[in-house]
Amino acid sequence: MDSVDPLEQERLIFIITLPLSSVIILANLLIIVGISCNRQLHNTPNYFFLSLLVADLCTGIALPFIPWMGLTRLLNFEACLFMHIFPNFLFLSFLFNLVMVHYERYLCIISPLHYSQFWVHRCFPAGLLAVWMPPLLFASLPAFGWNNWNNWSSESYHNLSSDTNVSSIRDGSSNCSSGTCQEEKHCFYKQVFPRAYIYMEVYGLLLPAIMCIIGMTGRVLWITRKQLQDICKLHRAVERQEASGHEQQLNLRYAKCVAAVSLTFLLCWVPYIVYLHVSVALFQFKNDNSSSLNIILSCTGIGSMAVIPVILGLANRQYTEPIRKLLRKLRDRWTDGRNLEEATP
């Protein structure tokens, strides 16, 4: 994989992420407005989903900056930490919120009669803290000393960039102007995130969370299939006939549901899982992390995963009803205005 010019890297990042980021931000805002305007949706399940939408909105805003963590820049220690920790916190909080939403709905489906007794329903503030505080604490670990800032050698700096003007600023160098001196170094994600931290985040948090979501989704589909079979058996016992049109409609709806889940997994989860494994593999090298292939995988993988709450929100007509009413009113006003202009001599 060949590395590309830094300007080409930046251009490639913005070309891929800006459209995705714009769609994610706009869609989340519309769904948030839809939930806020409908008082019937002000309950615990939708509060968790609203928290997910806020996290997804923040991820959409930070999306153009997340692939930048793989590029080398001249920043001081505090700025370098912030540029890596804050996007990482936003993405981890998004993933934790996504797991919580799936877990809450999973409990609602497997135990509908006892759902109100579960802690996620009775203690919403505790659930909210559980999806925001752990990501903040884990993402902040490099700020508390778990980083490679002081261990990064000048030889590593030289290998990160072939630009002689940039690589001339090494460990202990400073940029002084107007009587003030601010120490700058090459800011790179390997300086902020040690190898153990990367492995713990990928294989201890990200992949287990994804597997939990996949497992809960599969369990829900299995329960749905079993309930559908029971409904069909009861229907046949009452009607005393073979499969009716109603049964075929139920089976068709289930098939559509399975197809939608499978398509969502292929389009949203697979690119991100591939990106995770490629990133871990490229972590062993010095320059391949900035290749065009890894930039494309980073942008599309994280962007496709951030689209999942948008898909869940748009699939629920209650969330989009206020927006659709507003659009219908605007369309009717525009149509009436056109008719009035045509009727006027």
Side-chain angles (χ1 to χ4, degrees), residues 12-29 31-32 48-70 84 86-106 131-132 134-135 138-139 189 193 198 200-218 260-282 293-316:
L12 181 62
I13 289 173
F14 283 115
I15 288 175
I16 299 176
T17 58
L18 283 182
L20 282 173
S21 178
S22 301
V23 171
I24 291 170
I25 293 172
L26 180 60
N28 278 284
L29 288 175
I31 300 172
I32 290 173
F48 279 117
F49 192 73
L50 195 61
S51 176
L52 172 62
L53 293 175
V54 172
D56 193 36
L57 176 65
C58 295
T59 303
I61 296 174
L63 181 60
F65 305 99
I66 293 177
W68 280 65
M69 292 192 295
H84 287 79
F86 190 64
N88 192 38
F89 158 66
L90 293 179
F91 184 75
L92 288 176
S93 62
F94 160 74
L95 186 61
F96 273 56
N97 274 277
L98 190 61
V99 173
M100 179 60 74
V101 167
H102 280 80
Y103 176 65
E104 183 270 333
R105 297 189 177 184
Y106 170 77
V131 296
W132 288 97
F138 184 82
Y189 78 97
F193 303 128
I198 295 289
M200 182 179 294
E201 179 170 338
V202 173
Y203 297 109
L205 292 178
L206 301 182
L207 288 179
I210 294 173
M211 296 307 298
C212 286
I213 293 175
I214 295 174
M216 288 186 287
T217 303
V261 171
S262 302
L263 186 62
T264 302
F265 175 77
L266 290 175
L267 297 180
C268 298
W269 287 111
V270 171
Y272 181 70
I273 295 174
V274 172
Y275 159 68
L276 283 180
H277 286 85
V278 171
S279 297
V280 172
L282 295 181
L293 175 60
N294 193 53
I295 291 175
I296 294 174
L297 287 176
S298 173
C299 298
T300 56
I302 298 174
S304 61
M305 188 175 177
V307 173
I308 294 177
V310 175
I311 297 175
L312 296 176
L314 295 179
N316 192 330

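Atom set for the values below is all heavy atoms of this structure, side chains included, hydrogens, waters and symmetry mates excluded. Just so we're clear, the structure is a prediction, and the values are computed from it rather than from any experiment.
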Rounded to the nearest 0.5 Å, how far apart are [atom1] of [X] and [atom2] of [Y]?
X: L52; Y: L312; atom1: CG; atom2: CG; value: 7.5 Å
X: I66; Y: C299; atom1: CD1; atom2: SG; value: 9.5 Å
X: N97; Y: W132; atom1: CG; atom2: CH2; value: 5.5 Å
X: I24; Y: I308; atom1: CD1; atom2: CD1; value: 10.5 Å
X: I25; Y: T59; atom1: CD1; atom2: OG1; value: 10.0 Å
X: I302; Y: S21; atom1: CD1; atom2: OG; value: 12.0 Å

Check whether any side-chain heavy atom of [X] sits under 4.5 Å from a side-chain heavy atom of [Y], and report yes or no.
X: M200; Y: F138; answer: yes
X: F94; Y: C58; answer: no
X: I31; Y: P309; answer: no

Heavy-atom pair with the smallest gap, counting every atom of [X] and [Y]:
X: L90; Y: A62; result: CD1-CB, 3.7 Å
X: P135; Y: V131; result: CG-O, 3.5 Å
X: S304; Y: G301; result: OG-O, 2.9 Å
X: F14; Y: P64; result: CE2-CB, 4.3 Å
X: L12; Y: I296; result: CD2-CG1, 4.1 Å

Does R105 make a cation-pi contact with F48 (under 6.0 Å, within 45 degrees of the axis)?
->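 No, cation not above the ring by the 6.0 Å, 45° rule.
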When the ring planes of Y272 and F91 are compared, do they come out parallel, tilted or perpendicular, using 30° and 60° as the limits?
->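 If you compare the ring of Y272 with that of F91, the planes turn out tilted.
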Go through the steps for Y106 and T217 under the test side-chain contact (heavy atoms from CB on, under 4.5 Å), then give the verdict.
-> CA-CA 8 Å; Y106 170 77; T217 303; over 6 Å; no
Qualifying residues under ring-ring contact (aromatic ring centres under 6.0 Å, His included), relative to F96, sequence neighbours excluded |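 ring-ring contact (aromatic ring centres under 6.0 Å, His included) list for F96, sorted by chain: empty.
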Between side-chain atoms of residues 201-213 and protein atoms elsewhere (two or more places apart, or another chain), which donor-acceptor pairs fall under 3.5 Å?
from : atom 1 : to  : atom 2 : distance (Å)
E201 : OE1    : N88 : ND2    : 3.2

